[in-house]
Protein chains: 2
Amino acid sequence: MAGRQKIYDEDAALNAAIDVFWQQGYEKASSRDLQKAMGIGFSSFYLAYKGGKQELFAKSMQRFFTLYPQPFLNLLKTIDNPVEAIRQYYYVMTEPNGKFSQFGCYFSNTIFQADENEFKDAAAKNLGRIADAFYDALLRAKDAGTINPSIPTELWKTYLLNLWTGLNTTKSIEKDQSILRATIDFSLKVFE
Amino acid sequence: MAGRQKIYDEDAALNAAIDVFWQQGYEKASSRDLQKAMGIGFSSFYLAYKGGKQELFAKSMQRFFTLYPQPFLNLLKTIDNPVEAIRQYYYVMTEPNGKFSQFGCYFSNTIFQADENEFKDAAAKNLGRIADAFYDALLRAKDAGTINPSIPTELWKTYLLNLWTGLNTTKSIEKDQSILRATIDFSLKVFE
DNA sequence: CCTAAATTGTATCAATTGATACATAATTAT
DNA sequence: ATAATTATGTATCAATTGATACAATTTAGG
């Protein structure tokens, strides 16, 4: 393995790219924006990501899932009261200074903003994985008698997805944090 | 008033522009795409819309409201059972071959896709106008004893907005029309 | 008819886009 | 040391963007 050493940190660069895509979306994030944020030039960019912006975005979305939803989904497996945990997860969309309320949901944004159907499908699949994990945790709580849902089992995933994806837009219309949280609370009551 | 006569129909051209913006969003709809759909050239385009794409979009969004939500909001004022009417309105998002399910909600899309905050705010305001009309109709029905809502009055608008804006994304994840409709039905039960 | 006003068609502009070419620099194996 | 290999910096490409210039065309009023 001869050759010059990398002058930049690959992980740090990818994390920087995630934030650029998160803020601007796939189409609006230009390759120059990305390179600037990643602290690298054209040559290093296309050497590391031969597929260019497309390849970078695919890896970026993959790591986003690993960084943000995945730890929570793992936690959810060990928790007795999933409704309360899910509520806190949804609350992050209402925190005025958080990345989620400012940039929105990475996956929902992608479904809206990306041209390539490949990315839309991948984003939808990631949201589906989250809904699946929510479903599993709630089903365990129901079987254990911790919760007594009044909503039919077959609607759980879509109902929870719709609450989350809705918040992603609604937060731009309704700025009052307490109203948003009250709407989350009310919507989640059907699981208690 | 001397001068050459317009060779194209202004209303038809604006309607064509609406569909282009609806399908592609403000940023992705290029001025050439718009001109082609409108059946006019550069000169006529910038003569009719001196503000260019921005002015055309502003007028397009205005007319969209007049063409689609407005007639329904007028109808809502004359109706005894607003919940059933609102349900049907929400159902359009689940019709596989309809413009709404294919292109999504014009206003929600704009909030996600437009760069200019001016357009995001205008889109949010339009959604607010719809929510206001829903609120008024439901309040009348409650006062008349037609419905017996179990959701606090102060959450009505946000709850209804969230259901609608959520569907705009959720329909891309959950393709089963019957599940989508069942979710709408279940969510609207709190007003009955 | 003729002139001023309004509309249209074509060519073109500067800026930005994603991406590549190519020379230079640094590192390791032989 | 020298060759092979990897990384970097700069210049540049073709395509597309929103927008303008300008001449040609059509129409109404005098």
Side-chain angles (χ1 to χ4, degrees), chain A residues 1-14 16-61 109-110 113-120, chain B residues 1-14 16-61 109-110 113-120:
Chain A
M1 278 264 286
R4 185 170 172 173
Q5 288 177 332
K6 268 196 171 55
I7 212 173
Y8 66 96
D9 184 69
E10 287 179 278
D11 283 352
L14 184 51
I18 287 179
D19 277 0
V20 174
F21 280 130
W22 200 358
Q23 275 190 69
Q24 309 197 22
Y26 174 68
E27 303 295 339
K28 289 179 197 166
S30 76
S31 56
R32 284 160 183 81
D33 288 338
L34 292 160
Q35 288 161 32
K36 202 170 186 178
M38 296 166 83
I40 64 180
F42 281 94
S43 300
S44 302
F45 181 84
Y46 284 101
L47 181 68
Y49 303 95
K50 287 167 193 174
K53 218 176 86 164
Q54 290 197 23
E55 183 185 339
L56 176 61
F57 184 76
K59 293 191 174 167
S60 162
M61 181 154 59
N109 292 355
T110 300
Q113 294 165 343
D115 270 346
E116 284 81 1
N117 279 326
E118 181 195 345
F119 292 148
K120 294 190 183 193
Chain B
M1 278 262 287
R4 187 170 171 174
Q5 288 177 331
K6 268 195 169 55
I7 212 172
Y8 67 95
D9 184 69
E10 286 180 277
D11 283 351
L14 184 52
I18 287 178
D19 278 0
V20 175
F21 281 129
W22 199 0
Q23 274 190 71
Q24 311 197 21
Y26 175 68
E27 303 295 338
K28 289 178 195 165
S30 76
S31 57
R32 282 162 185 80
D33 288 338
L34 291 161
Q35 288 162 32
K36 202 170 186 178
M38 296 166 82
I40 64 180
F42 282 94
S43 301
S44 302
F45 182 83
Y46 285 101
L47 181 68
Y49 303 95
K50 287 165 192 173
K53 217 175 87 164
Q54 289 197 23
E55 183 184 338
L56 176 61
F57 184 75
K59 294 190 174 165
S60 163
M61 182 156 57
N109 292 355
T110 300
Q113 296 165 342
D115 270 346
E116 285 81 0
N117 280 325
E118 181 195 347
F119 292 148
K120 295 190 183 192

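Proteins come first, then strands; the chains are lettered A, B, ... in the order of their sequence lines, and each starts at number 1. Here the structure is a predicted model, which means the values were calculated and not measured.
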Subject >> Selection residues 27-50 of chain A - residue pairs positive for ring-ring contact (aromatic ring centres under 6.0 Å, His included), sequence neighbours left out >> reply: none
Original post:
Which residues satisfy the side-chain hydrogen bond (donor to acceptor under 3.5 Å, both in side chains) test with A:Ser43, sequence neighbours excluded?
Top reply: none
Subject >> Inter- and intrachain pairs under salt bridge (charged side-chain N to carboxylate O under 4.0 Å, His left out), touching residues 16-28 of chain A, at least two apart >> reply: A:Asp19-A:Lys99, A:Lys28-B:Asp115
Subject >> Residues forming a side chain to side chain contact (heavy atoms under 4.5 Å, CB included) with A:Asn117, sequence neighbours excluded >> reply: A:Lys120
**OP:** Just jot down the side-chain hydrogen bond (donor to acceptor under 3.5 Å, both in side chains) partners of A:Asp9, sequence neighbours excluded, or say none.
**Re:** none
**OP:** Could you encode protein contacts along nucleotides 7-20 of chain D as a string, one character per nucleotide from 5' to 3', using B for base contact, S for sugar-phosphate-only contact and - for no contact, with a heavy-atom cut-off of under 4.0 Å?
**Re:** BBBB------BBBB
